[in-house]
Each structure stands twice: as C-alpha cells, then as structure tokens.
Amino acid sequence: MDPAYDPQRVEADWYSRWEKAGVFRPELNAGGPPFCIVIPPPNVTGSLHMGHALDQTIQDVIIRRKRMQGFAALWLPGTDHAGIATQIVVERELAKEGMTREELGRERFIEQVWLWKARSGGAITQQIRRMGFSTDWTRERFTMDEGLSAAVRKVFVDLYHEDLIYRGTRIINWCPRDRTAISDVEVEHEDELGELVHIRYPFTEGSGGIEVATSRAETMLGDTGVAVHPDDPRYRDMIGKTVRVPLVDREVPIVADSAVDPTFGTGAVKVTPAHDPTDFEIGRRHGLEAVVILDEGGVINANGGRFAGLDRMDARRAVKEALAAEGALIKTEPHEHSVGHCERCHTVVEPYLSEQWFVRVAPLVGPAMEAVKRGDIRFIPERWEKTYFHWMENLRDWNISRQIWWGHRIPAWYCDDCGEMSVAMEAPAACRCGSKSLRQDEDVLDTWFSSGLFPFSTLGWPEDTADYRAFYPNSVLVTGYDIISFWVARMIQLGLHLTGCKPFPDVVIHGMIRAEDGRKMSKSLGNGVDPLDVVREYGADALRLALMQAAAPNQDVPFQTESVDAARRFGNKLWNAIRFALSHLGEGNVPANGGYPDRPGPEATWVLARLRAASDEVDALLDDYRFSDAFSTLYNFAWGEVFDWYLEMAKAQLRAGDEATKATLGVVMRDLLKLFHPAIPYLTEELWQHLVGDGFIAASRWPTPPSHDEPAGFENFREIVSGVRRFRAEHGLGPRHPLDIVIADPAGVMESWWAPQFKALAGFEPRAGAATEGANYSQVVSGSLQALISLDGLVDIGAERLRLDREITELEALVARTAAKLANAQFVERAPADIVAKERARAEDWLATLAKLTAQRSELG
RNA sequence: GGGCGCUUAGCUCAGUUGGUUAGAGCGCUUCCCUUACAAGGAAGAAGUCGGGGGUUCGAAUCCCUCAGCGCCCACCA
C-alpha cells in the first residue's frame, strides 16, 4: 500500500465491480425484509449540484446501512422529464442554430428533445455513479417511460371520471416568456417598489367622477367596472352610477362588493376581471364582462385599442402618459408590493383568464392532513409539519395543464363535428356521434403530476407487480424543504387517494447547501460550487463525509471547501491506520464477521467497550436520522480513541507478537470500516480488501461488537498520561527527557497493566511506591492516584510554584462552587438524588486533590 | 399582512426531554520529522451562549420582551 491515500485511484473502479456483482440489487438479500427509497428524480437534462450531493448522500447512508443489516434494500433511481425546464433548454439549443420550435413543429421538436435527452440524459446518472450512490440501475425509471406514462394517463382518466379533474376557465398564473400557465407553487413572490397610480374615472352623467388606484395601470384597458365597499359612506351614493373608462371610452358600472378594502388607496377599485383573481370574482358576482387585453406573449392585443402591440411594461408607461395628457391621472406615489415571478425564468407572471385543466384538491386535502395528524406519516424534524399543514389549509385547485409540448399530453379528444370531449387512456377510434375527426388536447401535464406518482408508478403500479407489493409503501422519503409543497404534499395526496395507502411513513427534510457567503448557490451569482469539481480534487468520499458531518438536522449549511479537506485528511489517517494494522496482521487475515477475543486483556477490553459504546450510539443516531451527530461521534471515536490511544497502546504488545492483541486490532479496525462504510464507501471497500479480502464490505454484515465494562482505572491512566505530557510541555522538557516518577495507587485501581503503557505514551518508566515525605516533586492527581514527578535537578522551582498556584486557584473556585451548591438546602431537597450524589462525589474528589496540592505547595515553600 | 427559523470561540457550526468545569472542525500559540500517518503527534490560548426580564434548587436549553438577520406563505387593487 502507498504511504499516502490517493482518492482518485481508490475511487476508480469499485463502482462498476459493485454494480456487476449485483450488490445494489435487493435480490442480494433475498428473503430479508424489504426496504425502499425512491430517489427524488433529478431533471434528466440537468447536472448534479451540491443539493443533490447532500440529498443523495443521506439516502445512500440509509440504504447502505440497511443493506448491511440484511434488508432487501432497494434504492430506485430515476429522472424527471422536467417539462418547462427541459423545453427551455432545448429551445435555447435550437436558437443557436437559428431555429424556433414553432418552425420545427410539434412532432419534430419532441424528437429533438428525445435526442437531447439521449445525448445529455446520461450525464446526471454518470454523476450519481461517480458519487458512489448505490442505486439499483436495473430498475431505473424515467417519468416519460411507457410504464410511467400509462400510469399518468390512467390517473388522469380515473380522476376525471371521479370529477376530481375538470376543465374550466379561470384566472391562472401566466408566464408570457414561456407562454404557458403555471401553478400557484411555481410562482415566486418578491417585494418590489412600484407605484400606485391614481386615476379619475368621470361619471357618464353629470360632473365629477371617482378616483381609483392601481399598481398596474395598463390593466385599465380591460376595466369593466369599479367596485366600492357597500358600507363605505364616501361612495354609497355612487353605487349604480356609471363611469367612463378613459382611453378606451367604455361605460362601466360602479358596483358594491365587500371584497373591497375601504382603507386601501382611495377605497374604490377598478375591476379587471380578465387580469386579476379578485376582480374575476367581483366580475362574476356582478355580471361584468371579462376583457382580455394581453396576448400569450404579454403584448397588448386588439382590445387595447391604440396601445395594441405594446409590451405590457411599455404599455404601462404609455397608458400613464396618455392619462396624464387627458388630465385623468391624478397622482402617482411609490408603492411597495409583492410581484409574482415565474420560478423557471423569473419573468413577471400575469394573472390571466384562460381555459385550463385543474385537480380539485378539496377532497384530497383532508385525508392527506389526517395521515400526518394521526402520525401515519411523520416529518423529521417535526416542525415541517406546520409548513405542510399551513400550505394544505390554503390550497387552491391545482392547475395541471401547460401550454408546452414536452410532457404527458392530456388524454382528452375533441370532436370537430359535434364538439364532444372524450377522456380516455388511448385515442378513441371515433366520437360517439360517429365522427372520426378527433383532435387531442394540445396541452401537456404539469411535470409534478407525474412526479406525484413516483413512489408507486416506478414500482409497476397500477399493475400488481412483485416490486409494488414488496416495496410500497416506500420506507422513507428524503428531500429538501423547498419541495414540500411541489412534491411531498402531492405524493401524499395522490398516493393516499390512488393506492389507498400512505406512500411512506417517514419524511426526512434536510436543509439547503448554501454558498460560502451564506447565500443561495446560483449560476447567476456565480457562487456555486460544482460537486464534481470537488470530487476531482478531494474524492467523493471526502465530499460525502464532509456533507454528513455538516448537515445539521434542520439548518441550511454553508458549503466550506475546508471541511472537505478535513474529511480527506481523515481518509488519509484511516488509510495509514490500516496500513499500520496490516504491517502486523498481514493481508486478508481478519474474518469478515465475529472474531472478537474471548479473554481480552485490559487494553483490548477498553477498546472493545468503547467500540460497542460507539456503535450503539451510532445506531441510535442513525435510526433517528441524525447523520451529523452519528458521523461526528464515529469520527471522534476513530481518531480520538482508536488512533490516538489504542493504536499507541497496542504497539508494544504487537511488537512482542501478542496474538490476542492482533485479533483485537483486526476486529476493531474491521468494524470501524463497516461503521464508516455508508458514508465513505470507496475508501472502506479498498481497505476492506486489504484487511479482510473476502467479498465486498458493501455486502458485508453490519457490526455487533460484544459488550464489555471499561476496565477500572483507565480514565485515571489517561489523566495521568495527559498530566505528565502537560508537565513536560510546561517545563519545556522534550518527550524523551528522562523523568523519575512514582505512581502511588493506594486503592490498587489500575492493577499492573499500565506500567509499560506509561513508557509508550508518556515516556517514563514508573516506580511503584508511596509519596516520599519532603521530597521535591510535582504531582498529577487523578482520583485516588498520584503520579509524583521528581523535580530534583529538573526544573525551576519558581516556575513549578507558579504552576501549582494556578492549579490550586482553579480548583478552589470549583470547590467553592460545589460547596455553595451543596450548602443550599433547596438544592439538596429538590434536586433528584442522583444529581446530588454526583455533586457530592465530585466535591469530595476535588477536595482530596486540593488537599494534596496544597500540602505539596507548602513543602515547596 | 400572516407563519417559521436563526443569533454559542477569530470563522463555520453542534449542543435530543433544564443537571459535571458549554463542545467540534478550521484558524491561532508552543514543542516534536517518535519505524502507520508532518495530509501527522503532544500541549495550550480563546466564549458575560444577541440585550433585558421571568419561572426554577438550577437556564445556552422553558416563558415574556426588545434588537438584528434569514426563509416560507398571501388575490390590499
């Protein structure tokens, strides 16, 4: 083995070997209880970003551990066709060749998208492989696969016949750039400083008029009414009168509607039913006409009269100028308001009256909320349930039709002759009227419609397949909080309704990876870090371990390259620890399982006890999805206890060829590799091959070390070693400077095993005995033990006095604190007995130490 | 306008039902190239846990309040 760890070499070919051996298939543990995670499908044309890296590392840690625990573990990979996003990408590619999709036509454009997918769709799956994620590629799915598409059509048809899907003309969110409707959750609201424009609408009869205020002046071109609150005394007399809309010269009524807030603006609102949701409702209540003034690209249409042809933003300026020229513009004032933007392209969206398909959500919401309230489905951390409930409670019908070409085309056909609509799985041969002139609906479904079926459509549903029976419901869903509303809530709604069963019991929500500056990683800000770049520099294992240690349960975490570097250094440390073990054990001499020594010596007992404690803790933490705590615990155990203490203690015995120590070293290192394997699969696999050389660690059994009590006196030993090292450091004595030290162990807590270890770890050979009265010595006290370091000819007595004084002062403060606590009758009375007992024991301990130190201090003069 | 969250060492963050002297990584200081590892080892400095008030024998932890920051939701034009 090389003396240094080289991630690129280690990570070169394990993945294909695992894959070839079928390690990632649930059949590996046929007969074991099923365990399943479906991947949140990334955009098929996208590439892996840091968020994926975190999300998927969590899933891989879960699935690899379950696999090692004997579950028939399935992590099902897949990709999403990502309707609008993908279409935009392909349109951009076409634009480079000077083409538009319209020129190409629907059929040929879709061909182009499939070609694009074939070319670039492999990128993301290659990246998933490079990260070492153990997905079962034999079960890979794509949301536009034949099977998944059939499921989509079936769901659409069934929901339509249950009246849960309907077609209707509503105000929806329209993106003029993408020229499609989008759903409520695809709109991002941002506060912007705009202006409130006050306009005067003159009465058609008599003098005077009414003043209205708007932030979108151009919409007045579509005004068909003015509304006031019915109880507003300012306007009560005007209700029923008519006013003339300037510029378009339309006569419209003043109506009374309680949706109007009398305290806002002038208390009178212009009503544009075709371009505002509230206005649409008001218009419907009062029979006002809806005049659409925008075309699909956000340009004023013929209804806008002389403003036709102007983009909406240009029209806003032009309308204001024209109003001012007519004397109808009263004033403009700055106005902060919230503006909706398209989540995909960030264009300002328009409320737009249009005929679309909707899912009626009311009947789905109840059961979906109940399942979480009952605890059938739980969010981890729990606080996300509030977000979920809040969103569910305010849910409006879901607009599922998109005016794009890439996606699942809506399975509805219209008869050219009689106008009848047929909704069916496949194109009907003829209309009921006998006509064969049928046209399929032009629209496609929202991408999230198919993603919403992912937990079961990927397993073969609606067919009753073996996979569906075994792996549905899934075992856990892992995702970021950003798509709770897009995806999680919809899977729960649709899953419950369609399969009659919750899609998963646990929803693990993690934070977002942010850029080093704390902001969102984004291409436009240029602060993004490509995980593959990090992998090339530090290795996938280092990135994975860093993400696992950093990922607090519910907090966003700034990505820091240094943490990856630290993880890589840990890899090097582990590499060398194994190299050390191999130098004594030779290659392939450690059993894959068991092999724990029957009658371990004290050092072995200690390390085995600690191993068991660490593995118990890691198990508990991983069961609770507390990855950061789990791997920090493991990291500290490995480095702080095994490498820093145990390996040092084992050296002397290994040199003496002690077989029991070899066995212990072997199993401890082996179990350490196993415990780390879910986080750093490549490195642990490589090292496993050297240490064990049997099968794959990826297919090995999760460790269950035997339990032992920690040997008495070990902590005392550790304290004395550290104390002597501190003594050396404080007095500028090198590690090998000879010291004359007597260990006084009146209670005999340390037996005799420690003697050679003091030599190994603290560089001195202790003499047993008692403190010599009157001698010049420094002491390290631990419990009833004392290490008495002779000062003869060694150090400056003055420095030692200062050192002692400092220690005594510190100790006195502690003693005073506990004494005060114990003197408090309330504390002794009310605190639990074990807490009080602990406090007493501590106080005694400190007092004894203090007595020894003060005695020594007085001897030093 | 509602809701949620954050504020702990120079930096980035842990700290689970209140209970040892509040932890880690990085950075910093001193010493050590000891035959697994200098990508390392040993020792150390460093925090009035955002401010104020309260509950309690006891508060970083629970409650109230103020300040600063961030996120989500929302049809006040």
Side-chain angles (χ1 to χ4, degrees), chain A residues 1 3-5 171 184-185 189 196 212-216 219 227 259-261 263-266 268-272 276-281 335 337-338 340 351 383-384 386-387 390-391 394 396 481-482 484-485 512 516 518-519 546 549-550 552-560 562-563 565-584 621 624 626 628-629 632 635-636 643-644 647-648 651 722 725-730 732-736 761-763 810 813-814 817-818 821 824-832 834-836 838-839 841-842 846:
Chain A
M1 278 175 74
Y5 161 53
I171 295 274
D184 293 343
V185 288
H189 293 271
L196 202 55
V212 297
T214 178
S215 58
R216 292 183 296 152
T219 60
V260 178
D261 175 4
T263 65
F264 186 89
T266 63
V269 56
K270 54 189 271 318
V271 182
T272 322
D276 185 280
T278 311
D279 291 7
F280 179 74
E281 294 303 321
H335 177 54
H337 63 144
S338 166
R383 70 185 178 91
W384 290 109
K386 281 183 213 154
T387 306
H390 184 250
W391 185 73
N394 297 303
R396 301 194 304 166
Y481 59 77
D482 55 334
I484 292 177
S485 54
M512 300 286 125
E516 207 139 354
R519 295 191 293 176
Q549 290 179 298
N554 56 1
Q555 222 37 53
D556 286 356
V557 42
F559 180 81
Q560 289 183 285
E562 304 87 77
S563 68
D565 192 46
R568 196 210 60 209
R569 289 205 303 272
F570 175 80
N572 186 59
K573 186 75 179 174
L574 183 60
W575 176 271
N576 276 290
I578 294 289
R579 219 159 60 90
F580 165 74
L582 290 172
S583 71
H584 290 98
L621 289 166
D624 282 348
R626 290 171 54 185
S628 162
D629 291 338
S632 299
Y635 179 100
N636 291 331
F643 303 158
D644 287 346
L647 294 189
E648 295 306 319
K651 278 177 182 173
S722 294
R725 286 167 172 174
R726 195 177 319 121
F727 176 86
R728 286 182 187 278
E730 280 170 349
L733 303 172
R736 272 159 315 195
L761 274 70
E810 278 171 15
L814 292 178
R817 198 193 296 199
T818 16
K821 224 175 186 180
N824 183 344
Q826 299 270 40
F827 171 71
V828 179
E829 229 170 82
R830 300 199 188 182
D834 57 318
I835 298 288
V836 178
K838 239 199 260 177
E839 198 69 25
R842 239 164 18 117
W846 284 337

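The chains referred to below are lettered A, B, ... by the order of the sequence lines, with proteins before strands, and numbering in each begins at 1.
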For [N], the Watson-Crick or wobble counterpart (both distances under 3.5 Å):
N	result
B/A45	none
B/G58	none
B/C73	B/G1
B/A67	B/U7
B/A39	none
B/U20	none

Under 4.0 Å, counting only non-hydrogen atoms across every strand here, what does [X] touch: a base, just sugar-phosphate, or nothing?
X	result
A/N824	sugar-phosphate
A/P832	base
A/K573	base
A/R842	base
A/R568	base
A/T219	nothing
A/F280	nothing
A/D644	sugar-phosphate
A/S563	nothing
A/A581	nothing
A/F570	nothing
A/A566	sugar-phosphate

Is any side-chain N or O of [X] under 3.5 Å from a base N or O of [N], one able to act as donor and the other as acceptor?
X	N	answer
A/W846	B/U20	no
A/K386	B/C4	no
A/R736	B/U34	no

When A/S583 and A/V828 are each assigned the nearest nucleotide of RNA chain B, the 5'-most assignment goes to A/S583

Which nucleotide sits closest to the side chain of [X]: [options]?
X	options	answer
A/R569	B/C75, B/G19, B/A39	B/A39
A/S338	B/A74, B/A77, B/C75	B/A74
A/N636	B/A24, B/U12, B/A43	B/A24
A/A831	B/G19, B/C32, B/A43	B/G19
A/E648	B/C75, B/C4, B/C37	B/C37
A/R817	B/U21, B/A36, B/C4	B/U21
A/H390	B/C32, B/G41, B/G2	B/G2
A/D629	B/G19, B/A14, B/A39	B/A14
A/T278	B/C75, B/A36, B/A77	B/C75
A/D261	B/C73, B/A77, B/U34	B/A77

Would you please say whether a donor-acceptor pair under 3.5 Å links the side chains of A/N576 and A/R579?
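Yes, A/R579 and A/N576 have a side-chain donor paired with an acceptor closer than 3.5 Å.
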
Pi-cation contact, A/Y635 with A/K573 (under 6.0 Å, within 45°):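 No, cation not above the ring by the 6.0 Å, 45° rule.
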
Take atom [atom1] in [N] and the same atom in [M], then report the distance between them in whole Å.
N	M	atom1	result
B/C66	B/G23	P	34 Å
B/C28	B/C71	P	33 Å
B/G47	B/C11	P	13 Å
B/A22	B/U65	C1'	25 Å

